[in-house]
> 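Let me begin by handing over the structure; questions about it come next.
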Amino acid sequence: MTTHPALGLVDAIAARLADPGTLPLGSRLLSFDRQHLAYGPPGIALLHIELAANGHGPWQRAHDWLAAASRQPLTSGSDSHPFYGVPAFAHALSCAADRLPGSYQRALDAMDGQIAVDVGRRLDAAHRRMDAGRLPQLAEFDAIRGLTGYGAYLLRRDPGSSTMRAVLDYCVRLTEPITHHGETMPGWWAETGPSGSPDGRFPGGHANTGMAHGIGGVLALLALAARNGFVINGHYAALRTILTWLDRWKERADGGRAWPYWVTQGELRRGRLGSSGPMRPSWCYGTAGLARAQQLAALALGDASRQIDAEKALVAALTDPEQLKATTDNSLCHGFAGLAHAAARTADDAHPSTAGKLRAAIPALLTAVTPPDTNSELMATALIQEEEGGPGLLDGAAGIALALVAPSTAAPPRSAWDACLLIA
């Protein structure tokens, strides 16, 4: 790799996360968070897998973190989900196996069988819920805990399987409107707040647009499947239904479009959004993730105009001081590193008229993470020890390091580490 300042931070983080046995706060990481992709060893393993795949680190570090995650039995069944237990570990293990042909196959085959059983149970419950005319929980379908996240894994591991087709069938059915207490709502309307729990700020619930917990992730999964040649009945109509919803609620931001994090029942009834200031663009919520999802959908549909509009919206979000001011950390999930990675992934597929603008926005994002006077060693230590973020993937040091690699090298990831985010 080059000597880009951001890559100095990547190296420093990787060095401090080299050995699970010597990590500060290691007891919590290897117990409470042991099976968690967002916070624990599976996510940290992804960093070392990507660096080893780039020839920039030893595979032994990845093996050690995978071993730390699997030292005790992994959770499956109803207590697991794409970011916890068997599915979370399987994602990390499969990313390593992709780069080390023949490795880990027996373990992956066993986990894939368990995942197929678990997905089948979830699908049965979801269809019973739909047949009864009840509204979904966010955890039924979202990318972190639900069927969209399982679909992201299956699309890599067994895209032509009956289980993958069944997940896509479910996603299509989820886009069908539902009548609840005499009111017509989108099929993904949840009665809870965005946390998934009842919330007095959301009387009547909400329609979540985010990539992590909302319909943005479903849009991205359907688009990625279609781009890879896996299309079922109603697939394109479902894509258009979601896009039409996002069109209905988009707002004008400085030089482009932006999308709300959610739509409340009051806003649905009024037909317009309430007033709010500029919202943070990020992967989990807001314009960065949604612009990428809509770009992927436009590419699947062959809609060049929509593709360019989505890419322009991301350019605007990445260059609008008001939107950037709302970004207050460096994380993969909702910070500057995540924005840089989303920009790089979107630029890889962008129309010639916008690709250069997207790439031109990346240096400022990298500088926001690592200003010119950054001491990479001190920053790496501080990030790992930070109580809020810590060493993990979504909010912490490993995710920041991973998100910096592709935009700093102008080369796409060598592993499929970010497939769990549904942006590639």
Side-chain angles (χ1 to χ4, degrees), residues 209-211 214-220 222-224 226-227 236 239-263 272-273 276-327 334-368 403 406-407 410 412 418 421-424:
T209 63
M211 288 285 280
I215 200 62
V218 180
L219 177 67
L222 288 169
L224 288 165
R227 290 196 74 202
Y236 292 121
L239 284 171
R240 292 189 177 95
T241 294
I242 301 170
L243 291 169
T244 298
W245 174 265
L246 294 173
D247 286 347
R248 176 181 174 186
W249 297 104
K250 66 186 175 185
E251 303 176 276
R252 179 166 292 282
D254 187 19
R257 298 290 185 180
W259 289 270
Y261 290 2
W262 45 68
V263 176
R272 57 183 173 78
L273 295 170
S276 64
M279 302 187 83
R280 175 186 66 203
S282 60
W283 165 72
C284 55
Y285 278 107
T287 299
L290 280 173
R292 174 59 168 166
Q294 289 175 89
Q295 179 204 38
L296 291 169
L299 288 165
L301 293 168
D303 187 340
S305 176
R306 181 179 288 279
Q307 176 192 343
I308 293 168
D309 284 347
E311 292 160 5
K312 284 181 175 178
L314 182 54
V315 171
L318 299 179
T319 55
D320 175 9
E322 291 302 310
Q323 291 188 66
L324 290 177
K325 196 184 297 181
T327 304
H334 47 254
F336 285 108
L339 290 179
H341 186 72
R345 274 302 203 181
T346 306
D348 287 342
D349 293 316
H351 189 273
S353 65
T354 48
K357 295 174 183 176
L358 283 164
R359 295 206 181 279
I362 291 173
L365 300 171
L366 296 177
T367 299
D418 60 349
L421 305 178
L422 287 155
I423 62 172

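Basis for what follows: all heavy atoms, side chains included, without hydrogens, waters or symmetry-related copies.
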> Do T287 and Q323 touch side chain to side chain, with heavy atoms closer than 4.5 Å?
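Of all side-chain heavy-atom pairs linking Q323 with T287, at least one is under 4.5 Å.
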
> Check this for me: does any side-chain nitrogen of one of D349 and R292 sit under 4.0 Å from a carboxylate oxygen of the other?
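Looking at R292 together with D349, the answer is yes, because their closest N to O distance falls below 4.0 Å.
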
> Can you pull out every salt bridge (Lys or Arg N to Asp or Glu O under 4.0 Å) where at least one residue sits in residues 354-363? Sequence neighbours excluded, please.
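Qualifying pairs, neighbours excluded: D348-R359.
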
> Where do A293 and G216 come nearest, in terms of heavy atoms and distance?
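Nearest heavy atoms, A293 then G216: CB-O, 3.8 Å.
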
> Going by heavy atoms in the side chains, are M279 and Y261 under 4.5 Å from each other?
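Yes; the side chains approach each other to less than 4.5 Å.
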
> Could you state the interatomic distance from CZ (R280) to CG (L324), rounded to the nearest 0.5 Å?
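If we round to the nearest 0.5 Å, R280:CZ and L324:CG are 12.5 Å apart.
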
> Drop me the distance from T244's OG1 to W249's CH2, to the nearest 0.5 angstrom.
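T244 OG1 to W249 CH2: 13.5 Å, rounded to 0.5 Å.
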
> Would you say E311's side chain and A347's backbone share a donor-acceptor pair under 3.5 angstrom?
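No; zero donor-acceptor contacts below 3.5 Å.
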
> With a 4.5 Å cut-off on side-chain heavy atoms, are V263 and W245 touching?
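Heavy-atom side-chain distance check passes, below 4.5 Å.
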
> What is the minimum heavy-atom distance between L219 and A297, and which atoms define it?
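Minimum heavy-atom separation between L219 and A297: CD1-CB, 3.8 Å.
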
> Any side-chain heavy atom of T209 within less than 4.5 Å of one from W262?
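No, their side chains stay 4.5 Å or more apart.
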
> Checking L246 against Q294 for the side chain to side chain contact (heavy atoms under 4.5 Å, CB included) test, could you report, in this order, the C-alpha distance in whole Å, the side-chain angles of both residues, the deciding distance, and whether it holds?
CA-CA 9 Å; L246 294 173; Q294 289 175 89; 3.8 Å; yes

> Got I308 and S353 here, is their nearest side-chain heavy-atom distance under 4.5 Å?
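Yes - at least one pair of side-chain heavy atoms lies under 4.5 Å apart.
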
> Go through the side-chain N and O atoms of Q307 and Q295 and say whether any donor and acceptor fall under 3.5 Å apart.
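Note: Q307 and Q295 side chains miss the donor-acceptor criterion.
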
> Using every non-hydrogen atom in the two residues, find where L318 and A361 come nearest and quote the distance to one decimal.
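In this case the closest contact between L318 and A361 is CB-CB, 4.0 Å.
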
> Indicate the atoms forming the closest heavy-atom contact of Y236 with A226, along with that distance.
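In terms of heavy atoms, the two residues are closest at CE2-CB, 4.2 Å.
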
> Measuring only between side-chain heavy atoms, which start at C-beta, is L296 closer than 4.5 Å to I423?
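No; the side chains remain at least 4.5 Å from each other.
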
> Any chance you could measure E251, atom CD, to W259, atom CH2, to the nearest 0.5 Å?
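Output value for this atom pair is 10.5 Å.
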
> Which heavy atom in A343 sits nearest to a heavy atom in I362, and how many Å separate them?
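So the minimum-distance heavy-atom pair works out to CB-CG1, 3.8 Å.
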
> How many angstroms lie between CG in L243 and CG in L301, if you round to the nearest 0.5 Å?
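If I round to the nearest 0.5 Å, the distance is 6.5 Å.
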
> What are the two closest non-hydrogen atoms of A300 and L239, and how far apart are they?
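That closest heavy-atom pairing would be CB-CD1, 4.4 Å.
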
> Measure the shortest side-chain to side-chain distance between S282 and T327 over non-hydrogen atoms and say whether it is less than 4.5 angstrom.
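In short, these two side chains do not touch, never coming nearer than 4.5 Å.
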
> Applying salt bridge (charged side-chain N to carboxylate O under 4.0 Å, His left out), can you list everything that pairs with R240, at least two apart in sequence or on another chain?
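Salt bridge (charged side-chain N to carboxylate O under 4.0 Å, His left out) check on R240 returns nothing, list empty.
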
> List the steps, then state whether side chain to side chain contact (heavy atoms under 4.5 Å, CB included) holds for L421 with M211.
CA-CA 8 Å; L421 305 178; M211 288 285 280; over 6 Å; no

> Say you draw a straight line from CG of L358 to OG1 of T346; how long is it, rounded to the nearest 0.5 Å?
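One gets 6.5 Å once the value is rounded to the nearest 0.5 Å.
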
> Are D418 and R345 close enough for a salt bridge, meaning some N to O gap below 4.0 Å?
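So D418 pairs with R345 through a salt bridge.
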
> Under a 3.5 Å distance rule, please check whether T319 uses its side chain to pair with a backbone N or O of V315 as donor and acceptor.
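A pair under 3.5 Å: yes.
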
> Roughly how far, to the nearest 0.5 Å, is the CG atom of L222 from the CD1 atom of I242?
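I242 CD1 to L222 CG: 5.5 Å, rounded to 0.5 Å.
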
> Answer yes or no: is there a side-chain heavy-atom contact under 4.5 Å between P407 and L366?
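Yes, their side chains come closer than 4.5 Å.
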
